[in-house]
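Worksheet for the structure shown next.
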Amino acid sequence: MFKKILIANRGEIALRVIRACKEMGIGTVAVHSTADADAMHVRLADESVCLGPPAAADSYLNVPAILTAAEITGAEAIHPGYGFLSENARFAEIVTEHGITFIGPTSDHINMMGDKIAAKQAMRRLGVPVVPGSEGAVTSEGEISGLAAEMGYPVLIKAASGGGGRGMKVAETAADLGEAISTAKSEARAAFGDDAVYVEKYLGEPRHIEIQVMADSHGNVVHLGERDCSLQRRHQKVLEEAPSPALSADERAEIGTRVATAVRELGYLGAGTIEFLYENGEFYFIEMNTRLQVEHPVTEAITGIDLVQEQIRVANGEKLSFTQEDITFEGHAIECRINAEHPETFVPSPGTIGLYHTPGGLGIRVDSACYTGYAIPPYYDSMIAKLIVHGKTREECLMRLRRALDEFVVDGISTTIPLHMDLLNQPAIQTGDYNIHWLERHLGLK
Ligand code: ADP
């Protein structure tokens, strides 16, 4: 096993990886920007290295500085967490070229799935159902309007390199097409330096359901069921749950097996998430994430499996510690993403936290790097905590979540805790009868 792992990330996910390493007896190296010198991940790691100034480009995205940190501390592997360099194929390649293990899939797989057009083509070839749309990139408005007329409006123009909901525009009718294409292209060019776009049928009332897989280098691939991430604002997940209130055990087994088979065919290694839209009993692939997801704890809660420890084991060439038959789904889990944002306007609210008190008790997990007196730097993501609640049934889980949100104290800044409280009072949330548009409609944004 590795003796030392460098965690190329910050915040709650850096802590998450440090915790897994500690339980496995592995030494940890934290890296940080000058703005994060007092951060929790720096305090909890065995060693730490400052990468540079606050801007992510100079610190958490600074590849030479990260590699130097790994070399001088003698780290044998790098865990990228999520965000930052986690889906950067070139980074994975450079790490490997330096004789350091990248805890994740090969750069070829990251590359393939990072190009959403190539990803869809690969999945279609492997027998996974995809959203109807163009086979590849589309260039002319004429070509898109031909396809759109065939599929029927509305259609969605999406960036091949897209992520985080950017570079995506709906055209309700043929008249909107020109503008949707040019806006999607310019957004994609600005955000990803690549303005290739493709077109998809815009599904009316789907749920977002994703399947977690884990693969080792011995040909074993296991699926760990689904997560329902339909509660979204601006295509960003707000609350996730497992299992999905919409799926039957048969549907779960069927899609899980199909996905695991495809991932085995690919020769994929490590943790991966295959994202689908689900409508009228049908699954439609949208993309694959080649990393650990923010919402992985709901899967951990219902399976009892530590996904990060498993990522580390398979990166070290070991076999998965479980088979498909070993996986059972116990109870229900919900995760609330708590952001330092105004709960109604969603304007970021960085600043210094006064009193910070987290809920506890049976079935409660809080993943956060916050503490009383912590000054949230304005430079990074606004998510400051994840509250994950597990119960025997969905009903028990909802009751426990209400109790936990009630106990949560984050003074001095605005957070989205009141939004989550409000969600729990909504009949659609209580019954699980919601789709990807529900939250924006509820917030009056649609
Ligand atoms: P990103 O990589 O930017 O997150 P995704 O392809 O994963 O983009 O899509 C993000 C979200 O956008 C989905 O969860 C869903 O809410 C919405 N979406 C994506 N494709 C479609 C589609 N064809 N029809 C309707 N909604 C879609």
Side-chain angles (χ1 to χ4, degrees), residues 82-83 86-88 110 112-124 128-135 137-138 144 147-148 150-172 176 180 183-185 187-192 194-212 226-241 244 246 272-280 282-291 293-295 337 381 383 434-443 445-446:
Y82 54 68
S86 61
E87 288 176 298
N88 183 319
I110 300 175
M112 175 195 277
M113 297 304 166
D115 175 349
K116 294 166 99 173
I117 294 173
K120 267 185 93 170
Q121 285 168 345
M123 287 297 166
R124 195 184 289 123
V128 175
V130 303
V131 186
S134 57
E135 287 277 330
V138 278
I144 300 184
L147 279 164
E150 259 172 54
M151 292 188 285
Y153 284 91
V155 296
L156 188 59
I157 314 295
K158 293 172 91 169
S161 307
R166 285 171 301 176
M168 217 185 282
K169 282 285 162 286
V170 182
E172 296 287 348
D176 307 329
T183 326
K185 271 183 172 290
E187 235 180 80
R189 203 177 308 120
F192 314 109
D194 167 21
D195 69 357
V197 294
Y198 62 108
V199 61
E200 267 181 5
K201 169 89 190 140
Y202 185 67
L203 299 179
E205 305 286 327
R207 299 183 79 109
H208 172 119
I209 297 183
E210 57 186 35
I211 311 288
Q212 175 73 54
E226 81 283 9
R227 293 182 287 259
D228 194 316
C229 313
S230 303
L231 279 179
Q232 301 180 354
R233 183 183 154 270
R234 296 201 173 149
H235 305 301
Q236 300 263 30
K237 299 161 187 167
V238 170
L239 176 153
E240 304 94 352
E241 61 181 315
S244 166
T273 299
I274 326 293
E275 296 191 334
F276 292 96
L277 295 178
Y278 173 84
E279 193 175 62
N280 300 326
E282 300 289 335
F283 284 93
Y284 303 95
F285 170 82
I286 45 174
E287 68 164 342
M288 176 167 183
N289 288 315
T290 53
R291 55 170 166 84
Q293 304 260 114
V294 174
E295 59 273 22
R337 296 190 188 200
D381 196 71
M383 193 183 73
Y434 57 83
N435 61 40
I436 60 165
H437 304 298
W438 185 90
L439 180 58
E440 292 199 342
R441 285 180 190 145
H442 175 66
L443 294 170
L445 299 171
K446 266 188 183 170

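For ligands, and for the atoms within them, numbers begin at 1 and follow the listed sequence. Just so you know, these numbers use all the heavy atoms, side chains as well, and skip hydrogens, waters and symmetry mates. Note that the coordinates shown come from a computational prediction; the quantities given were computed from them, not determined experimentally.
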Of all protein heavy atoms, the one nearest atom 16 (O) of ligand 1 is Gln232 OE1, 2.7 Å

key: Under-4.0 Å salt bridge between Arg207 and Glu226   = no

May I ask whether Met168 places a heavy atom under 4.0 Å from ligand 1? yes

In ligand 1, the atoms that come under 4.0 Å of a heavy atom of Ile436 are 15 (C), 16 (O), 26 (N)

Original post:
Between Glu135 and Lys120, is there a salt bridge with N-O shorter than 4.0 Å?
Top reply: no

So Val199 and Met151, do their side chains get closer than 4.5 Å, heavy atoms only? yes

Leu156 heavy atoms within 4.0 Å reach ligand 1 at atoms 19 (C), 20 (N), 21 (C), 22 (C), 23 (N), 27 (C)

Quick one: does Gly165 get an N or O within less than 3.5 Å of an N or O on ligand 1?
yes

ask   = Taking atom types as modelled, is there a side-chain donor on His442 or Glu440 under 3.5 Å from an acceptor on the other?
value = no

Within 4.0 Å of some non-hydrogen atom of Tyr202, the atoms of ligand 1 are 24 (N), 25 (C), 26 (N)

heavy-atom search around atom 7 (O) of ligand 1 in the protein gives Glu287 OE2, 2.7 Å

A student checking ligand 1 against Val131 at a 4.0 Å heavy-atom cut-off should list atoms 23 (N)

Exercise. For ligand 1, is there an atom lying under 4.0 Å from some heavy atom of Lys158?
Worked result: yes

Side chains of Thr273 and Arg227, donor plus acceptor under 3.5 Å: yes

A student checking ligand 1 against Glu275 at a 4.0 Å heavy-atom cut-off should list atoms 7 (O)

Note: ligand 1 atoms sitting under 4.0 Å from heavy atoms of Leu203 are 24 (N), 25 (C)

_Is there a polar contact, in the sense of an N or O pair closer than 3.5 Å, between Gly164 and ligand 1?_
yes

**Request:** Please determine, by modelled atom types, if Ser244 and Asp228 share a side-chain donor-acceptor pair under 3.5 angstrom.
**Result:** yes

Candidates Lys201, His235, Lys116, His208; heavy atom nearest atom 1 (P) of ligand 1 found on Lys116

Report yes or no: does Lys185 contribute a side-chain atom to a donor-acceptor pair with the main-chain N or O of Ala196 at less than 3.5 Å? no

Between Tyr278 and Pro206, is there a side-chain heavy-atom distance shorter than 4.5 Å?
no

Next on the checklist: For Tyr284 and Phe276, I'd like to know if the aromatic rings sit close, meaning centre-to-centre distance below 6.0 Å.
Outcome noted: no

Nearest non-hydrogen protein atom to atom 22 (C) of ligand 1, with distance, is Leu277 CD1, 3.4 Å

